[in-house]
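Here's the structure we're looking at; comments come further down.
In listed order, ligands and their atoms are each counted from 1.
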Amino acid sequence: MAPRALILDCDPGQDDAVALLLALASPAEVELLAVTTVAGNVPLARTSENARKVLELAGRRDVPVHAGCPRPILVPLETAEYVHGETGLNGVELPPPSLPLAAEHAVDAIVRLVMERPPGTVTLCPTGPLTNVALAIVKEPAIVPRLAEIVLMGGAKELGNVTAAAEFNFFVDPHAAAIVFECGAPVTMIGLDLTHQVLITEERLARIRAIGTPLAEAVAGFLAFYNRYDRERYGIPGAPLHDPCVIAHLIRPELFRGKRCRVDIETEGRFCRGRSVVDWWNRSGRPANALVLTEADALGFFDLLVERLARL
Ligand code: RIB
Ligand code: CA
């Protein structure tokens, strides 16, 4: 089967970085057309620098990086240095990137790549706030029927992580998330219910470090930093490795399970801004607009991740 053409729209962030590396390590399954960056975990300048640092760490200066939106559509930007550190990739010192940013804006790159490629062949993989993806849809609605699907990390059927109600990516730009879930494209939502089953325990961190390459050492270094906040906050044995689940789903979909549901995004409300309202029992009677994945084979996921990181 031909590799799936994808665009990774991200806000690196340590977990986004691992998602990017997993994509780069899987050329038989994934053709990475471009990386587009958005403000989220850290400001846009940092996410755009980090994406290029990770590409150079993997020796892949051939992949274009397009910077996108520096802030959400309507609400002010809120970042997460408290999780990811000041640089967004704390835990490792990588050299400043020599790879220049592509001149084309991320929104224009998404539209161009989807319109250039045959219908139904490009998958969008957002792992940050959905600002770039939403504005691409607004700018050129014709991309919607041409998309193979949108496989995103965001949302939650149950509790949020930035408020009790909302997951970070949807909280940061709730209006963008609403546009994406209402656009009509096939959406697969990988939310916190699933990613909190995929924890970077010390044993799994040791498996990554035992790969023994400079790249694996760098990954173990920044994941060790990334681990600390959620371990303390949740009292769990490791932080959830959210974003690589998006790429793992494309490579080995059998690792994950869920069902099709209606999902609506709350954009107002004092307590529920960014909430993904997952109509799991179809109380609304409205048609499903997303495949909501809620179960993960964590061991299978980490076996895949270690095997693929060792290839780089
Ligand atoms: O809530 C987790 C998500 O928000 C992940 O994508 C993480 O990188 C941050 O963007
Ligand atoms: Ca992210």
| Are Lys157 and Trp281 in a cation-pi contact, defined as NZ or CZ under 6.0 Å from the six-membered ring centre and within 45° of the axis? | no
| remark: Protein N/O/S atoms closer than 3.0 Å to the Ca ion (ligand 2) number 5
Which protein N or O atoms sit under 3.5 Å from any N or O of ligand 1? Give each pair with its distance.
{"residue": "ligand 1", "atom": "1 (O)", "partner": "Asn161", "partner atom": "ND2", "Å": "2.8"}
{"residue": "ligand 1", "atom": "1 (O)", "partner": "Glu167", "partner atom": "OE2", "Å": "2.6"}
{"residue": "ligand 1", "atom": "4 (O)", "partner": "Asn169", "partner atom": "OD1", "Å": "3.2"}
{"residue": "ligand 1", "atom": "6 (O)", "partner": "Thr127", "partner atom": "O", "Å": "2.9"}
{"residue": "ligand 1", "atom": "6 (O)", "partner": "Asn169", "partner atom": "ND2", "Å": "3.1"}
{"residue": "ligand 1", "atom": "6 (O)", "partner": "Asp243", "partner atom": "OD1", "Å": "2.6"}
{"residue": "ligand 1", "atom": "6 (O)", "partner": "Asp243", "partner atom": "OD2", "Å": "3.0"}
{"residue": "ligand 1", "atom": "8 (O)", "partner": "Asp15", "partner atom": "OD1", "Å": "2.7"}
{"residue": "ligand 1", "atom": "8 (O)", "partner": "Asp15", "partner atom": "OD2", "Å": "3.0"}
{"residue": "ligand 1", "atom": "8 (O)", "partner": "Asp16", "partner atom": "OD1", "Å": "3.0"}
{"residue": "ligand 1", "atom": "8 (O)", "partner": "Asn41", "partner atom": "ND2", "Å": "3.0"}
{"residue": "ligand 1", "atom": "8 (O)", "partner": "Asp243", "partner atom": "OD2", "Å": "3.1"}
{"residue": "ligand 1", "atom": "10 (O)", "partner": "Asp11", "partner atom": "OD1", "Å": "3.2"}
{"residue": "ligand 1", "atom": "10 (O)", "partner": "Asp11", "partner atom": "OD2", "Å": "3.0"}
{"residue": "ligand 1", "atom": "10 (O)", "partner": "Asn41", "partner atom": "OD1", "Å": "3.3"}
{"residue": "ligand 1", "atom": "10 (O)", "partner": "Asn41", "partner atom": "ND2", "Å": "3.4"}
{"residue": "ligand 1", "atom": "10 (O)", "partner": "Asn169", "partner atom": "OD1", "Å": "2.8"}

| said: So that I can tick it off, tell me whether Asp303 and Arg207 are bridged by a salt bridge, with the cut-off set at under 4.0 angstrom between side-chain N and carboxylate O. | reply: yes
| said: Determine whether a donor-acceptor pair (N or O, by modelled atom type, separation under 3.5 Å) exists between the side chain of Arg71 and the backbone of Leu74. | reply: yes
| remark: The single option from Asp16, Asp11, Asn41, Thr47 that satisfies side chain to side chain donor-acceptor pair (under 3.5 Å) with His84 is Asn41
| Looking at Glu295 and Arg257, does any basic side-chain N land under 4.0 Å from a carboxylate oxygen? | yes
| Presence of salt bridge, Glu266 and Arg273, under 4.0 angstrom | no
Pairs under 3.5 angstrom only: tabulate donor-acceptor contacts from the side chains of residues 216-227 to other protein residues two or more places apart or in another chain.
{"residue": "Tyr226", "atom": "OH", "partner": "Pro240", "partner atom": "O", "Å": "2.7"}
{"residue": "Asn227", "atom": "OD1", "partner": "Ala239", "partner atom": "N", "Å": "2.6"}
{"residue": "Asn227", "atom": "ND2", "partner": "Ile200", "partner atom": "O", "Å": "2.8"}

| task | Look only at the side chain of Arg61 and the backbone of Glu56, and say whether a donor-acceptor pair between them is shorter than 3.5 Å. | result | no
| task | For Phe181, enumerate each residue passing the ring pair (Phe, Tyr, Trp, His ring centres under 6.0 Å) test, keeping only those at least two apart in sequence or located in another chain. | result | Phe170
